[in-house]
Amino acid sequence: MTAARGPAVVLPGEDGSRPGMVDPWLADPVAAATVTEVDAVVGRDVAAWWRDPATAPDPVAAHLEVVVTGVAGFRSLTARGLHPVAVAGHGVGEFAALVAAGALELDQVVELVHWRAELLCLAPRPSCAGQAAVLGPGAEGVARAAVAQVDGDGQLCVAAVDAPQRTVLAGGRTELARAAEVVHAAGLELVRLPGRAPCHGPLMASVAEHLATALADLDWSAPLVPVVPNADGEATRDPGRLRAALRRHLTAPVLWEATSRSLVDAGATSVVEIGATPVLGPLVAQVHPHLPVCLASGPGALVPTDVPGPALAGSVPT
């Protein structure tokens with residue numbers, strides 16, 4: 001437990017991606033400068049690229065926008081007085097968290113996320129494999145029971161333990177269909193996540209192998225604030241631990257429920273989610289129902305979600 005207390009910042013992954021989500025931040029000079037920095041790395045006007053509806057199915061555009069929006073929003077809010085005690089990102093959002101905290105430089109992460117998104121073509125196509133969310137009380141136990149009962153050569157796995165009532169499975173189409181029978185028999189829902197690659201499980205081994213060289217070339221620094229990586233769910237400022245967790249990022253489950261607990265252990269008295277729509281805040285609220293949660297979708301204000309609790313601690317003045 002740290003002596004510091006204040007807000008934690010959470011950054012969504014591809015579930016929070018929306019075309020044009022960076023646009024509201026462009027009114028702020030600090031955020032706009034971040035996007036201009038990315039323009040130079042990518043070699044194009046990225047904001048115009050991202051707001052084009054034709055790019056919506058492109059994972060490269062979607063992943064880059066959600067990562068860059070997270071970094072731009074974090075820089076904007078901290079420049080205006082937000083002092084986070086910890087930061088965490090879900091899925092590809094972890095790359096944004098590492099940049100925001102100062103563990104990695106933005107230019108190398110932009111190139112890495114671009115390459116990572118392109119490598120997803122090596123994973124089984126969504127028509128053959130993907131992800132599905134188990135929803136309801138005791139979701140993790142039911143999801144693990146489904147994995148134990150479905151004989152799929154180890155392809156079916158728990159891909160994310162997001163909250164007490166949400167656990168995500170990844171696997172082949174046949175295995176997910178059989179898992180649905182187990183989940184429904186337990187009285188819970190299984191909801192397919194359209195277009196999602198089977199990330200955070202063994203079906204991503206070939207992608208992880210191709211990405212390993214790029215990960216090894218990253219230049220790490222000690223972050224200014226603790227980061228909670230997906231693979232172990234524990235806050236740290238140790239670059240070695242962050243590096244090891246990122247190497248497991250594509251094949252290890254996302255431990256977001258543990259992350260929510262670690263944020264409070266790190267001193268969080270509130271949570272600010274930077275994104276276009278609430279994605280992670282409601283998951284945190286399942287773990288900590290009375291923890292104030294706000295959504296920051298632009299530089300103007302922090303908008304409370306429908307989570308009960310006192311006024312947001314550490315709010316940024318408008």
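Nothing here was measured: the structure is a model prediction, and the numbers come from that model.
- When the ring pair (Phe, Tyr, Trp, His ring centres under 6.0 Å) test is applied to His63, no partner is found at least two apart in sequence or on another chain.
- Two residues are said to be in side-chain contact when any heavy atoms from C-beta on lie closer than 4.5 Å; Leu119 and Leu122 meet this criterion.
- Contact annotation: the side chain of Glu94 never approaches that of Val67 to less than 4.5 Å [non-hydrogen atoms, C-beta and beyond].
- For Thr259 (side chain) and Gly233 (main-chain N/O), no donor-acceptor pair under 3.5 Å exists by modelled atom type.
- Thr55 places a side-chain N or O within donor-acceptor distance of the main-chain N or O of Trp49, the cut-off being under 3.5 Å.
- Partner Leu188 forms a side chain to side chain contact (heavy atoms under 4.5 Å, CB included) with one of Val142, Thr167, Val182 and no other, that one being Val142.
- A 4.5 Å side-chain heavy-atom check between Val10 and Val87 finds every atom pair outside the cut-off.
- Using a 4.5 Å heavy-atom threshold, the side chains of Val66 and Leu11 count as separate.
- In this structure, Glu273 and Val279 have side chains that are in contact, with non-hydrogen atoms separated by less than 4.5 Å.
- Residues Asp39 and Arg44 are not paired through a salt bridge, judged by the lack of any N-O separation under 4.0 Å between the basic side chain and the carboxylate.
- The neighbour count for Glu105 CD, taken as heavy atoms of other residues, nucleotides or ligands under 6.0 Å away, does not exceed 12.
- For the pair Phe74 and Pro84, the minimum side-chain heavy-atom distance is below 4.5 Å.
- A 4.5 Å side-chain heavy-atom check between Arg248 and Asn230 finds every atom pair outside the cut-off.
- Ion pair Asp28/Arg75 not flagged as a salt bridge, since none of the NZ, NE, NH1 or NH2 atoms sits closer than 4.0 Å to an Asp/Glu carboxylate oxygen.
- Checked for salt-bridge contact, Arg243 and Asp219 miss the test: no charged N lies under 4.0 Å from a carboxylate O.
- A donor-acceptor contact shorter than 3.5 Å links the side chain of Thr36 to the backbone of Ala32.
- Proximity of Arg166 to Val134: side-chain heavy atoms (C-beta onward) are nowhere separated by under 4.5 Å.
- The heavy-atom pair separating Cys157 from His200 by the smallest distance is SG-O, 3.9 Å.
- Look at Arg241 and Glu234 and you find a salt bridge, because one of the NZ, NE, NH1 or NH2 atoms lies within 4.0 Å of a carboxylate O, short of that distance.
- We find the CD1-SG distance between Ile274 and Cys294 to be 12.0 Å, quoted to the nearest 0.5 Å.
- A salt bridge between Glu14 and Arg196 is present, with a side-chain N of the basic residue lying under 4.0 Å from a carboxylate O of the acidic one.
- Leu255 and Ala231 make their closest contact through CD1-O, 3.5 Å (heavy atoms, listed as atom of the first residue, atom of the second, distance).
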